[in-house]
Enquirer: 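Mind looking over this structure? Questions follow.
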Amino acid sequence: MQTATISFDRFNNLADNDAQERIRAARARLGKRAVILCHHYQRADVFRHADLTGDSLKLSRLASQSDADFIVFCGVHFMAEVADILSRPEQISILPDLAAGCSMADMASRAKVERAWRELSTVLNPDQQITPVTYINSAADLKAFCGEHGGIVCTSSNAPKILDWSFKQRPKVLFFPDQHLGRWSGHKMGIPLDEMAIWNPDLEMGGLTAEQISKAKIILWHGFCSVHQMFQTERIARFREQYPEGRVVSHPECSFEVCQASDVVGSTEKIITTVKESAAGTRWLVGTELNLVDRLAEEVKPEGKIVQFMGGVICMCSTMQRIDPQHLAWTLENLAEGNVVNRIVVPAHEAAPAKVALERMLAAS
Ligand code: 13P
Ligand code: SF4
């Protein structure tokens with residue numbers, strides 16, 4: 001039975017303990033009708049309520065397999081969009097705070113990518129010579145662009161595999177929005193750095209000459225993650241000096257230099273399993289978001305493993321952080337009362353081609 005929507009004003013100043021209590025009570029009322037998916041960067045006071053956790057690839061698979069009526073996504077906007085696209089039409093995807101975006105995803109818009117495609121067509125035939133590849137950290141309309149132009153989606157855990165698929169279709173790749181993931185993945189495939197050109201969307205022809213475009217195997221969009229951009233090789237050098245037996249693991253959104261200086265580079269899920277599966281007593285320096293690192297450090301402490309954070313300053317995904325216990329309590333109580341708040345709906349004309357690009361990725365990875 002539906003009642004009037006409960007306003008967030010009543011939750012805004014709710015004490016943390018009360019919010020926790022109300023989340024538990026609302027969940028008990030909802031039972032299996034709601035599933036809570038949490039990304040590994042989610043803050044601890046929300047993460048503890050997760051039914052399922054993972055990196056972007058794992059979460060997109062889990063969303064597509066869920067039976068729940070409501071998929072409550074404690075992550076960022078593009079993740080809830082993917083859940084909406086891959087779930088059944090009657091399922092409802094919800095983002096507890098609509099302000100939880102991804103600043104990297106915002107660095108590429110459909111208008112700018114379409115302009116790049118048009119400008120590239122003055123040098124070559126993009127629809128025959130370039131596979132567009134979008135990182136899953138992008139808006140649904142860019143995934144749709146890829147679906148419409150023979151392209152595909154990738155995540156941090158399958159990017160080299162997806163590039164391999166892409167080069168089987170066409171000789172070049174336009175990779176957006178994360179230049180670092182694109183460069184690192186291209187490098188892992190053996191593509192020389194001078195065959196990867198940077199496309200600056202604020203400049204005419206991306207700031208490239210026709211010759212540079214013709215030479216490039218991968219055209220990298222000038223986007224980045226402001227959290228992972230903070231990590232520096234100096235911290236790795238100091239760590240190795242202090243602890244020569246120590247190991248370093250980083251996310252591929254870090255700079256090329258940080259990835260090169262690391263022992264292992266991988267998605268959030270890969271970072272966690274690498275540290276968990278290492279020998280007891282191992283010491284790790286970890287280059288990814290702080291909530292994940294703090295949680296991991298606590299989890300492996302009993303085995304005598306030491307996990308250190310790579311950042312010199314606090315590096316949190318401030319947008320994902322906006323999903324707090326107050327917003328989760330508000331969302332769940334409304335659902336329990338029969339009111340859907342903060343539903344994420346991708347319009348059908350975008351969802352269909354975006355699904356094509358996502359399904360190509362799921363099949364190829
Ligand atoms: P993962 O897919 O590795 O979890 O990465 C998502 C992300 O946004 C990292 O910044
Ligand atoms: Fe986006 Fe960076 Fe946050 Fe990941 S950590 S969701 S890339 S802003």
Enquirer: Is there a donor in the side chain of Gln169 and an acceptor in the side chain of Ser166, or the other way round, less than 3.5 Å apart?
Expert: no

Enquirer: Indicate every side-chain donor-acceptor pair of residues 12-19 with a distance under 3.5 Å to a residue at least two apart or in another chain.
Expert:
from, atom 1, to, atom 2, distance (Å)
Asp16, OD1, Gln326, NE2, 2.8

Enquirer: Please say yes or no: joined through hydrophobic side-chain contacts below 4.5 Å, possibly via intermediate residues, are Ile198 and Phe175 part of one cluster?
Expert: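 Both belong to a single hydrophobic cluster.
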
Enquirer: His49 and Gln20: side-chain hydrogen bond (donor to acceptor under 3.5 Å, both in side chains), yes or no, with the steps?
Expert: CA-CA 9 Å; His49 298 289; Gln20 296 293 334; 2.6 Å; yes

Enquirer: Quick one: do Thr155 and Met361 satisfy side-chain contact (heavy atoms from CB on, under 4.5 Å)? Show the steps, please.
Expert: CA-CA 9 Å; Thr155 74; Met361 171 189 81; 3.7 Å; yes

Enquirer: With sequence neighbours excluded, give me every salt bridge (Lys or Arg N to Asp or Glu O under 4.0 Å) pair touching residues 123-150.
Expert: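 Qualifying pairs, neighbours excluded: Arg110-Glu148.
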
Enquirer: Please check if any side-chain donor atom of Gln308 sits under 3.5 Å from a side-chain acceptor atom of Arg283, or the reverse.
Expert: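 Per modelled atom types, Gln308 and Arg283 side chains form a pair under 3.5 Å.
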
Enquirer: With rounding to the nearest 0.5 angstrom, report the OG1 to CZ distance, Thr331 to Phe8.
Expert: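 Answer for the OG1-CZ pair, Thr331 versus Phe8, is 8.5 Å.
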
Enquirer: Do Met230 and Val307 belong together in a cluster built from hydrophobic side chains that touch within less than 4.5 Å?
Expert: no

Enquirer: Does the pair Ser278 and Arg247 meet the rule for a side-chain contact (heavy atoms from CB on, under 4.5 Å), with working shown?
Expert: CA-CA 10 Å; Ser278 65; Arg247 309 261 296 148; over 6 Å; no

Enquirer: Under 4.0 Å between a side-chain nitrogen and a carboxylate oxygen: does that hold for Arg118 and Glu114?
Expert: no

Enquirer: With distance as the sole test, does Asn339 use its side chain to make a donor-acceptor pair with the main-chain N or O of Leu335 at under 3.5 Å?
Expert: no

Enquirer: Check step by step if ring-ring contact (aromatic ring centres under 6.0 Å, His included) holds for Trp199 and Phe176.
Expert: CA-CA 9 Å; Trp199 183 275; Phe176 43 88; over 10 Å; no

Enquirer: Could you work out the complete set of other residues in the hydrophobic cluster of Leu203, with links drawn between I, L, V, M, F, W and Y side chains under 4.5 Å apart?
Expert: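 Other cluster members: none.
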
Enquirer: Answer yes or no: is there a donor N or O on one side and an acceptor on the other, between the side chain of Ser109 and the main chain of Lys112, under 3.5 Å?
Expert: yes

Enquirer: Any sub-3.5 Å donor-acceptor pair from Thr273's side-chain atoms to Lys270's backbone N or O?
Expert: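 Such a contact is found between Thr273 side chain and Lys270 backbone.
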
Enquirer: Are Val227 and Val293 connected in the hydrophobic side-chain network, where two residues link if heavy atoms are under 4.5 Å apart?
Expert: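 Different clusters.
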
Enquirer: With side-chain hydrogen bond (donor to acceptor under 3.5 Å, both in side chains) as the criterion, how do Ser214 and Glu211 come out once you've worked through the C-alpha distance, each side chain's angles and the decisive distance to 0.1 Å?
Expert: CA-CA 5 Å; Ser214 301; Glu211 197 189 335; over 6 Å; no

Enquirer: Assess whether side-chain contact (heavy atoms from CB on, under 4.5 Å) is satisfied between Val173 and Leu163, documenting all intermediate values.
Expert: CA-CA 8 Å; Val173 159; Leu163 283 183; 3.9 Å; yes

Enquirer: Main chain of Val248, side chain of Asp263: is a donor-acceptor contact present, judged purely on distance under 3.5 Å?
Expert: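 Pair found, side chain donor or acceptor close to backbone of Val248.
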
Enquirer: Of all heavy-atom pairs between Ala354 and Ala140, which one has the smallest distance, and what is that distance?
Expert: CB-O, 3.8 Å

Enquirer: Spell out, as yes or no, whether a donor-acceptor pair under 3.5 Å connects the side chain of Arg61 to the backbone of Ser56.
Expert: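 Side chain of Arg61 to backbone of Ser56, a donor-acceptor pair under 3.5 Å: no, none is there.
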
Enquirer: Taking atom CD as the centre, does Gln65 end up with more than 12 heavy-atom neighbours from other residues, nucleotides or ligands that are less than 6.0 angstrom away?
Expert: yes

Enquirer: Do any N or O atoms from the side chain of Ser185 and from the backbone of Leu181 form a donor-acceptor pair under 3.5 angstrom?
Expert: yes

Enquirer: Should the heavy atoms of other residues, nucleotides or ligands under 6.0 Å from NZ of Lys217 be counted, would the total exceed 12?
Expert: yes

Enquirer: Kindly indicate whether the side chain of Ser156, heavy atoms from C-beta on, has any atom under 4.5 Å from the side chain of Thr268.
Expert: no

Enquirer: Which class fits the ring pair Phe256 and His187: parallel under 30°, tilted 30 to 60°, perpendicular over 60°?
Expert: perpendicular

Enquirer: Which heavy atom of Val346 sits nearest to which heavy atom of Asp84, and what is that distance?
Expert: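 So the minimum-distance heavy-atom pair works out to N-OD2, 2.9 Å.
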
Enquirer: Does one hydrophobic cluster hold both Val35 and Val341, with members joined at side-chain heavy-atom distances below 4.5 Å?
Expert: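 Looking at the clustering, Val341 is in a separate group from Val35.
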
Enquirer: Under the ring-ring contact (aromatic ring centres under 6.0 Å, His included) rule, collect the residues that match up with Phe167, sequence neighbours excluded.
Expert: none

Enquirer: Hey, any chance Leu296 and Ile306 share a hydrophobic cluster, counting ILVMFWY side chains that come within less than 4.5 Å of each other, even indirectly?
Expert: no

Enquirer: Output every pair passing side chain to side chain donor-acceptor pair (under 3.5 Å) with a member in residues 287-300, not counting sequence neighbours, ordered by first then second residue.
Expert: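 Sorted result for residues 287-300: Tyr41-Thr288, His228-Thr288, Lys276-Glu299, Glu289-Asn291, Asn291-Gln321, Glu298-Lys301.
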
Enquirer: With no hydrogens and no angle check, is any side-chain donor or acceptor of Asn342 less than 3.5 Å from a backbone partner on Leu95?
Expert: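 It does hold such a pair.
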
Enquirer: Could you grab the distance from atom CD1 of Ile71 to atom CD1 of Ile92, nearest 0.5 Å is fine?
Expert: 10.0 Å

Enquirer: Please round to the nearest 0.5 Å and tell me the distance separating atom CG of Leu358 and atom CD1 of Ile136.
Expert: 6.0 Å

Enquirer: Hey, are Lys32 and Asp67 close enough for a salt bridge, meaning a charged N less than 4.0 Å from a carboxylate O?
Expert: no

Enquirer: Hey, what do you get for OG (Ser93) to CE (Met79), rounding to the nearest 0.5 Å?
Expert: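 With rounding to 0.5 Å, OG (Ser93) is 12.0 Å from CE (Met79).
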
Enquirer: For His222 and Gln179, which heavy atoms make the closest approach, and how far apart are they?
Expert: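 That closest heavy-atom pairing would be CD2-NE2, 3.8 Å.
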
Enquirer: Quick check for you: to the nearest 0.5 Å, what is the distance between Lys172 atom NZ and Leu174 atom CG?
Expert: 11.5 Å

Enquirer: To the nearest 0.5 Å, what is the distance between OG (Ser250) and CZ (Phe231)?
Expert: 8.0 Å

Enquirer: Check Ser226 against Ser103 and note the closest heavy-atom contact, atom names and distance.
Expert: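 Shortest heavy-atom separation between Ser226 and Ser103 comes out as OG-OG, 3.4 Å.
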
Enquirer: Whether the side chain of Gln91 engages the backbone of Ala68 through a donor-acceptor N/O pair (distance < 3.5 Å, no angle test) should be reported.
Expert: yes

Enquirer: Is Leu62 close to Ser64 at the side-chain level, that is, under 4.5 Å between some pair of heavy atoms?
Expert: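 A side-chain contact is absent here, since even the closest heavy-atom pair is not under 4.5 Å.
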
Enquirer: What verdict does the salt bridge (Lys or Arg N to Asp or Glu O under 4.0 Å) test give for Arg238 and Glu234, after you've listed the backbone C-alpha separation in whole Å, the side-chain angles of each residue and the deciding distance to 0.1 Å?
Expert: CA-CA 6 Å; Arg238 214 175 316 147; Glu234 289 72 24; over 6 Å; no

Enquirer: Between Pro201 and Trp221, which heavy-atom pair has the shortest distance, and what is it?
Expert: CB-CZ2, 3.4 Å

Enquirer: Measuring only between side-chain heavy atoms, which start at C-beta, is Ile152 closer than 4.5 Å to Cys146?
Expert: no

Enquirer: Is it the case that atom CD in Gln128 sees more than 12 heavy atoms from other parts of the structure closer than 6.0 Å?
Expert: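 No.
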
Enquirer: Taking all non-hydrogen atoms of both residues into account, name the closest pair between Asp178 and Pro252 and its distance.
Expert: OD2-O, 4.4 Å

Enquirer: Mind jotting down which residue pairs meet the salt bridge (Lys or Arg N to Asp or Glu O under 4.0 Å) criterion with at least one end in residues 45-55? Sequence neighbours excluded, please.
Expert: Arg27-Asp51, Arg43-Asp45

Enquirer: Could you tell me whether the side chain of Arg235 and the main chain of Met310 form a donor-acceptor pair under 3.5 Å?
Expert: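 Confirmed, Arg235 side chain pairs with Met310 backbone.
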
Enquirer: Would you check if the side chain of Asn200 reaches a backbone N or O of Gly206 as a donor-acceptor pair within less than 3.5 Å?
Expert: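 No, the answer is negative, given that no donor and acceptor are paired below the 3.5 Å cut-off.
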
Enquirer: Answer yes or no: is there an ion pair linking Lys215 with Glu195, defined by an N-O contact shorter than 4.0 Å?
Expert: no

Enquirer: Can you find a heavy atom in the side chain of His180 that is under 4.5 Å from one in the side chain of Val258?
Expert: no

